[in-house]
2 protein chains.
Amino acid sequence: MIADPGSENVAQADTRANGAAAALRPLRADAAKNRERILEAAEATFTAEGVSAPIDAVAQRAGVGVGTVYRHFPTKEALFEAIVTTRLDELCKTTRELAEGEAPGEVLFSFLREFGRQASAKQDLFDAMDAAGLDIKSTCAASVDELTRGIDLLLERAKAAGAVREDVATGEVMALIVGACHSKQDDLVCQRMVEIVCDGIRGPTLATR
Amino acid sequence: MIADPGSENVAQADTRANGAAAALRPLRADAAKNRERILEAAEATFTAEGVSAPIDAVAQRAGVGVGTVYRHFPTKEALFEAIVTTRLDELCKTTRELAEGEAPGEVLFSFLREFGRQASAKQDLFDAMDAAGLDIKSTCAASVDELTRGIDLLLERAKAAGAVREDVATGEVMALIVGACHSKQDDLVCQRMVEIVCDGIRGPTLATR
DNA sequence: GACTATACGGAACTAGCGTTCCGTTTGTCA
DNA sequence: TGACAAACGGAACGCTAGTTCCGTATAGTC
């Protein structure tokens, strides 16, 4: 179940409606239901097959025609963004909730575990991060930026508490976690890799550097 | 310059020649030169643009027609494999050379640095590892397996010397390095990420675990 | 120099996928 | 219940990229 980023039951993406004047007209009941179905089907499809899955597959899973998909989302990219933005925003919320925690080191590490869990379960998240690194023009960029700021806060606090070495950057940590969880391995293996990364960014090791 | 994995100047891939009987006939001089050109162009193209670069781009860079490319390599995949196999085999050779080294810990880490350097410079290598994780039927799989065994040896020695914790697996290390270097960042950032991974697999940290 | 197997070039074919178009259906409201 | 705007379905279009085909060119040989 995916919530609209903005208000509900509003034909935000319907570019085929009568221009800008109709932009805020409420959706008809069947249209609202279909929009929801499409979002759910798209999430399931992209999660399972990655962003390269064809729109037809999404439409079929949602039980609608492709035309209906395009009525709600003007391009495939727009559909993708609607999903990923939601997911990124949820992760953002998690950083804000965690930021209040008392042990900044453990706060950071448990967030990174959650981040890894999501990146490994949802192929599309990885794809989104990937795309964000390549071209910034995507609408997801705003959400990625906000998430980056959220993680940055957790990281700075952990550094201040001495739980993490000073010389790691937020982008590096994000790239490491996402990269680790990209090679579709067992969830267990992903968890272990995340732990290795966490250990890597802790304070100095016993071994000679 | 890419060497053929097997013998030289042999029409190994020319499926359009007169069947199996002609399989080992020496290539004509111009054909041998073109084959070499195609391999070089393909390496440059895939390195720069990833595996999704069209065959036309390779042909154009090589200064030949697409038909000529297909005369030498029956599919795009075959061309890709010819290149990646060569690169993987070189990395394998590196593991064997390093295996003789005296400080197993440093041996492993310097190999991982080299591995990361290659993965970050050559997008195609990443793609190859990616594909290998998904479907094993590819011919690259043999080379990936051999490389895995080579790294496994280095890792076991490093463990035996106490330079690396016992609970990391070869596949994890490989996935971490490749993953870290995938998100096309600066070379410098990649190096830093590799160092973080190296630290992560060293012995226990000073921080509480 | 002539002959032939080998190799070449690139137009044409094929397949997949994003997107559009338009005739048909349906929810909503008077 | 009838009218109409809103929404639907899916065939059709256009583009990209992999692969094939065949007429032409040429290296190698006698």
Side-chain angles (χ1 to χ4, degrees), chain A residues 9-39 41-42 45-46 49-82 131, chain B residues 9-39 41-42 45-46 49-82 127:
Chain A
N9 268 13
V10 168
Q12 295 171 309
D14 193 351
T15 52
R16 292 150 90 190
N18 307 340
L24 293 178
R25 204 197 308 282
L27 283 180
R28 227 169 63 178
D30 55 343
K33 195 182 64 189
N34 276 337
R35 183 188 164 86
E36 203 54 43
R37 271 192 193 159
I38 290 166
L39 280 168
T45 307
F46 291 154
E49 304 172 36
V51 191
S52 61
I55 286 284
D56 294 52
V58 173
Q60 201 170 357
R61 195 190 276 250
V64 302
V66 275
T68 303
V69 175
Y70 278 94
R71 165 161 285 270
H72 288 282
F73 302 93
T75 62
K76 183 184 180 181
E77 202 187 346
L79 173 56
F80 175 59
E81 285 172 0
Chain B
N9 269 14
V10 167
Q12 294 171 311
D14 192 352
T15 52
R16 291 150 91 190
N18 307 340
L24 292 179
R25 205 196 307 282
L27 283 180
R28 225 168 66 177
D30 55 342
K33 195 182 63 188
N34 275 338
R35 184 187 163 85
E36 203 55 40
R37 270 191 193 160
I38 290 166
L39 280 168
T45 307
F46 290 154
E49 304 172 37
V51 192
S52 61
I55 285 284
D56 294 51
V58 173
Q60 201 171 357
R61 197 189 274 250
V64 303
V66 275
T68 303
V69 174
Y70 277 95
R71 165 160 285 268
H72 288 283
F73 302 93
T75 63
K76 184 185 180 181
E77 202 187 347
L79 173 57
F80 175 59
E81 284 173 0
D127 289 333

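The model shown is predicted, which means the values in this text are computed figures rather than measured ones. Letters A, B, ... mirror the listed sequences (proteins, then strands); counts begin at 1. No hydrogens, no waters, no symmetry mates; every other heavy atom, side chains included, goes into these values.
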Partners passing salt bridge (Lys or Arg N to Asp or Glu O under 4.0 Å) against R37(A) (at least two apart in sequence or in another chain): none

Indicate, with a heavy-atom threshold strictly under 4.0 Å, whether D56(B) touches base, sugar-phosphate, or nothing. nothing

Whole Å only: how far is the OH atom of Y70(B) from the C1' atom of dT14(C)? 12 Å

Compare side-chain N and O positions of T68(A) against OP1 and OP2 of dG9(D) and report whether any pair is under 4.0 Å apart. yes

Whole-Å distance, R37(A) CZ to dC8(D) P, equals 10 Å

Atom of S52(A), atom of E49(A) and distance for their closest heavy-atom approach: OG-O, 3.9 Å

Please give me the minimum heavy-atom distance between A82(A) and F73(A), naming the atom from each residue. CB-CE2, 4.0 Å

Can you measure E49(A) atom CD to dC17(C) atom C1' for me and round it to whole angstrom units? 13 Å

Short side-chain N/O contact from H72(B) to OP1 or OP2 of dC8(C), under 4.0 Å: yes

Rounded to whole angstrom units, what separation is found between the CG atom of N34(A) and the P atom of dG10(D)? 12 Å

Which heavy atom of I38(B) sits nearest a heavy atom of A62(B), and at what distance? CA-CB, 4.0 Å

Main-chain N/O of V51(B) paired to K76(B) side chain as donor or acceptor, under 3.5 Å: yes

N/O contacts under 3.5 Å, protein versus nucleotides 26-30 of chain C?
residue: dT26(C); atom: O2; partner: R28(A); partner atom: NH1; Å: 3.3
residue: dG27(C); atom: O4'; partner: R28(A); partner atom: NE; Å: 3.3
residue: dT28(C); atom: OP1; partner: A29(A); partner atom: N; Å: 3.2

Figure out the CG/P separation between L79(B) and dT19(D), and round it to whole Å. 10 Å

Length of the CD1-C1' vector between I55(B) and dG9(C), whole Å: 15 Å

Specify the closest pair of heavy atoms between T45(A) and A57(A), including all atoms of both residues, with the distance to one decimal. CG2-CB, 4.2 Å

So which nucleotide from dT19(C), dC17(C), dC8(C) ends up closest to the side chain of A31(B)? dC8(C)

Can you tell me the distance, in whole Å, between the CZ atom of F46(B) and the C1' atom of dA17(D)? 12 Å

Consider side-chain contact (heavy atoms from CB on, under 4.5 Å). Of L79(B), V58(B), N34(B), which one does L39(B) pass it with? L79(B)

Write down the distance between NZ (K33(A)) and P (dA7(D)), rounded to a whole number of angstrom. 14 Å

Taking the side chain of V66(A) as heavy atoms from C-beta outward, which of dG9(C), dT19(C), dA7(D) is closest to it? dT19(C)

